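This report concerns only the one structure given below.
Just so we're clear, the structure is a prediction, and the values are computed from it rather than from any experiment. We number each residue from 1, following the sequence as shown. Heavy-atom basis, side chains included; hydrogens, waters and symmetry copies ignored.
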Amino acid sequence: MPVEKSPVNFMLPPKRMQLLVEKSSSKYYILTRPLMYVAPVKIGKNFMSGPNVQIYTATHPLDYLKRRTTDFGLPVTIGDDVWIGGRAVVCPGVTIGNGVTVAAGSVVTRDVPDFAVVAGAPAKIIRMENNPSGN
């Protein structure tokens, strides 16, 4: 999805936006976080996050000549029962599975499987949790 560039060739800073998060089958809550989005951000049920979590979908080509004229976005998907600690960063194109815990300050650059606990920059799996429902 192309992003319109300004005449001086820079992307606008992240906006504060209200994001609708489904908390249960019958209730919805609004989550306000700084996001830079040009592609969909899907967040599952029972999502929790600490302060200053950053979710980005905007990205750029690595080729410097293409970067002068092109921006694009990759969707981010966050599963059910995910907890993302404060100041964590979720990069474009990442899928975070169900039941995942992301440690504070982590930078998630790759997909995270269900029930993983990740930490670090870049985030790495430090352990796997048991699936409490047995599925």
Side-chain angles (χ1 to χ4, degrees):
M1 171 184 277
V3 174
E4 186 176 315
K5 287 254 191 179
S6 71
V8 289
N9 217 17
F10 68 91
M11 183 174 272
L12 295 174
K15 297 178 183 179
R16 280 214 177 268
M17 69 167 287
Q18 289 188 333
L19 183 65
L20 190 63
V21 178
E22 185 177 345
K23 286 291 205 178
S24 71
S25 59
S26 61
K27 292 184 180 178
Y28 293 84
Y29 295 89
I30 299 295
L31 171 70
T32 304
R33 295 283 183 261
L35 302 172
M36 181 172 279
Y37 63 97
V38 295
V41 175
K42 297 179 184 173
I43 298 179
K45 297 177 184 176
N46 303 311
F47 172 78
M48 296 190 314
S49 73
N52 300 312
V53 168
Q54 301 169 53
I55 301 171
Y56 298 106
T57 63
T59 189
H60 309 278
L62 294 176
D63 180 295
Y64 77 95
L65 293 174
K66 290 181 183 176
R67 197 169 40 231
R68 292 178 182 175
T69 59
T70 307
D71 292 320
F72 61 94
L74 298 171
V76 170
T77 303
I78 299 173
D80 296 339
D81 301 302
V82 171
W83 173 27
I84 300 180
R87 290 206 173 250
V89 175
V90 179
C91 292
V94 168
T95 297
I96 297 175
N98 296 321
V100 168
T101 301
V102 177
S106 297
V107 179
V108 182
T109 60
R110 297 181 186 212
D111 291 353
V112 180
D114 291 350
F115 306 106
V117 177
V118 297
K124 296 188 184 322
I125 297 173
I126 57 173
R127 77 170 181 251
M128 297 296 294
E129 291 292 326
N130 294 327
N131 179 349
S133 66
N135 294 332

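Across all their heavy atoms, Gly97 and Val82 have their closest contact at O-CG2, 3.2 Å. Closest approach of Ala116 to Val112, counting heavy atoms only: CB-CG1, 3.8 Å. In this structure, Arg67 and Pro61 approach most closely via the heavy-atom pair NH1-O, 3.3 Å. The minimum heavy-atom distance linking Val38 with Ala58 is given by the pair CG2-CA, 3.8 Å. Among all heavy-atom pairs drawn from Ala39 and Pro75, the shortest one is CB-N, 3.7 Å. Nearest heavy atoms, Cys91 versus Val76: O-CG2, 3.7 Å.
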* To do: Decide side chain to side chain contact (heavy atoms under 4.5 Å, CB included) for Thr59 and Phe72; before the verdict, give the C-alpha distance in whole Å, the side-chain angles of both, and the deciding distance to 0.1 Å.
  => CA-CA 6 Å; Thr59 189; Phe72 61 94; 3.1 Å; yes

* To do: Please step through side chain to side chain contact (heavy atoms under 4.5 Å, CB included) for the pair Asp81 and Asn46, ending with a clear verdict.
  => CA-CA 5 Å; Asp81 301 302; Asn46 303 311; 3.1 Å; yes

* Might you work through the side chain to side chain contact (heavy atoms under 4.5 Å, CB included) test for Val118 and Ile96, ending with a clear yes or no? => CA-CA 10 Å; Val118 297; Ile96 297 175; over 6 Å; no

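Taking CD from Gln54 and CD1 from Ile84, the interatomic distance works out to 11.5 Å, rounded to the nearest 0.5 Å. Rounded to the nearest 0.5 angstrom, Thr101 OG1 and Met48 CE are separated by 8.0 Å. With rounding to the nearest 0.5 angstrom, the OG atom of Ser106 is 8.0 Å from the CD1 atom of Ile126. Separation of atoms CZ (Arg110) and NZ (Lys124) is listed at 7.5 Å; rounding is to 0.5 Å.
The environment of CG in Leu65 is crowded: more than 12 heavy-atom neighbours from other residues, nucleotides or ligands sit within 6.0 Å.
Checked options Val94, Leu74, Val89; the residue passing with Tyr56 is Val89 (criterion: side chain to side chain contact (heavy atoms under 4.5 Å, CB included)).
Linking ILVMFWY residues whenever their side-chain heavy atoms come closer than 4.5 Å, directly or via other members, places Val90 and Ile125 in the same cluster. Linking Ile, Leu, Val, Met, Phe, Trp and Tyr residues whenever their side-chain heavy atoms come within less than 4.5 Å leaves Val117 and Val100 in two separate clusters.
Between the side chain of Asp114 and the backbone N or O of Asn98, at least one donor-acceptor pair lies under 3.5 Å.
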